[in-house]
Every structure is written in C-alpha cells, then in structure tokens.
Amino acid sequence: MGNQQEISSEEGRHILEAIAATGKFWHDWDKLKSILSFQLKQVLTDYPEANLTNELQISSLGEPLAELVKRLDDDLNSFIVGPPFTLQRLCEILLDAQNIYPKLSKLVLALEKNLLVSSTLTISADPPAPVLKAAETDTESPPGSHHHPSESIVPNGIETRADDPDEIMGEAEATEVVDGMTVDMETSEDSSTVPSEAKSAEPSA
C-alpha cells in the first residue's frame, strides 16, 4: 500500500479537501485514484470493526472486512477514463467518515451508493491554487467557527454567496448614477430651453 504513496498523505488530504470544497479536480485521474484508494483503505480499517474476528465482521457487515475493502477498491478502480460524478461527495465522506457515519455498515452503504454510478467528471481547466487555501482554512477550524461577515446573513452558509452583497451594492450604485444623470439631463434641458424661449420672445414683442 505504501508504494502507491508518491504523494505524501498530507498532500493527498489537501487535494481531497480541495475537491470536497469545489467539486472539481485538477490531477491526473490515475494519480488521484491512488490517493482515493489509499484513503478508502485507511478509513475502512480505522473503524473498530477492523479489530473484530472474521466471524463477527461477517455478522456485522455481511462479509469479512478485507473482502469489503477489496470490493469497494475494485469499484473505485473500475472507473477508467475519469472519476465518478459523485467525486465531491466521496471526498467529503473519506475526509470525515467517522463523524458522518459512526457505524461502519452505514459508511459502506454510502460508499457503495457513490461508487455504483456510471457518469464521470472531466478534469477542470481552472487553476487550483486559490481553492487549496480555502480548503485548508475550512478544515483547520471546526464548522461554524470561522465566519466571514457576509456569511452570517446567508442562512445556509454557502461561501459563494459571500460576494452577493458586493454585487448588489454595485448594482445599486450604478442605478443611482444612472438616475442622477437622467435627472441632471432633464433639469439642464428645462433650464436651457426656458431662458432661450423667453429671450426669443422679448425682441419680437
């Protein structure tokens, strides 16, 4: 298992965090697949059930854990051209498995569901650098402890909404300027036309 770790486990984790945060991936699929495979095996064997006897594993999970791990890893490796379209959810689960699914049997069902799909994702052309920073900040502090000022307004806390107030402000300012200009135009027309009419009227009278 260690020989496929060309990338350090910390770097691999950062890559998965970036994907979990954005739903996009920038790495060669074979390289990313080996990171996911490593994380998958690690997560599954971290559960207490890994220490049970084969008989107890079978009664709890329906099959020995070693076979279960191999089956899920085979499902992952069956994606040849690209990752499953559920990649973002897979990364979220693998990064925080025991908090999301305290019972291994529930985790297995979730992983199966996310691996038993046929549609795949294509590699993203966007640069990943700023995303990694965002992903790192998200994981360093527990959920809910880091709040951007604008996030408190948004009920579901989606970070992309943080830009909205600026956009709204920009639109409001643009409208004010336009309104101001139209008002100025009208008043200047009125003031210029009234005196000229009065002036032309005086000589003829």
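Counting begins at 1 with the first residue of the sequence. Computed over heavy atoms, backbone and side chain alike; hydrogens, waters and symmetry mates excluded.
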So [Y] and [X], do their side chains get closer than 4.5 Å, heavy atoms only?
{"X": "Leu109", "Y": "Glu112", "result": "yes"}
{"X": "Cys91", "Y": "Leu36", "result": "yes"}
{"X": "Pro102", "Y": "Gln98", "result": "no"}
{"X": "Arg71", "Y": "Glu63", "result": "yes"}
{"X": "Ile93", "Y": "Val43", "result": "no"}
{"X": "Leu107", "Y": "Leu44", "result": "yes"}
{"X": "Val108", "Y": "Leu104", "result": "yes"}

Looking only at side-chain N and O atoms, does Glu17 offer a donor or acceptor that is under 3.5 Å from a partner on His14?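 Glu17 and His14 do have a side-chain donor-acceptor pair below 3.5 Å.
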If you measure from [atom1] on [X] to [atom2] on [Y], what distance do you get to the nearest 0.5 Å?
{"X": "Phe25", "Y": "Thr122", "atom1": "CZ", "atom2": "OG1", "value": "6.5 Å"}
{"X": "Lys24", "Y": "Ile19", "atom1": "NZ", "atom2": "CD1", "value": "12.5 Å"}
{"X": "Asn51", "Y": "Asp46", "atom1": "CG", "atom2": "CG", "value": "10.0 Å"}
{"X": "Leu72", "Y": "Asn114", "atom1": "CG", "atom2": "CG", "value": "11.0 Å"}
{"X": "Phe38", "Y": "Leu94", "atom1": "CZ", "atom2": "CG", "value": "12.0 Å"}
{"X": "Lys33", "Y": "His27", "atom1": "NZ", "atom2": "NE2", "value": "16.0 Å"}

Under 3.5 Å, is there a donor-acceptor pair between the side chain of [X] and the main chain of [Y]?
{"X": "Asp73", "Y": "Val69", "answer": "no"}
{"X": "Ser37", "Y": "Ser34", "answer": "no"}
{"X": "Thr120", "Y": "Gly82", "answer": "no"}
{"X": "Ser60", "Y": "Leu56", "answer": "no"}

Please list all pairs passing the salt bridge (Lys or Arg N to Asp or Glu O under 4.0 Å) test where one or both residues lie in residues 82-102, with sequence neighbours left out.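 For residues 82-102, and leaving out neighbouring residues, the salt bridge (Lys or Arg N to Asp or Glu O under 4.0 Å) pairs sorted by first residue read Arg89-Glu92.
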Do you reckon [X] sits in the same ILVMFWY cluster as [Y], going by side-chain contacts under 4.5 Å, direct or chained?
{"X": "Leu87", "Y": "Leu76", "result": "yes"}
{"X": "Leu116", "Y": "Leu68", "result": "no"}
{"X": "Leu121", "Y": "Val117", "result": "yes"}

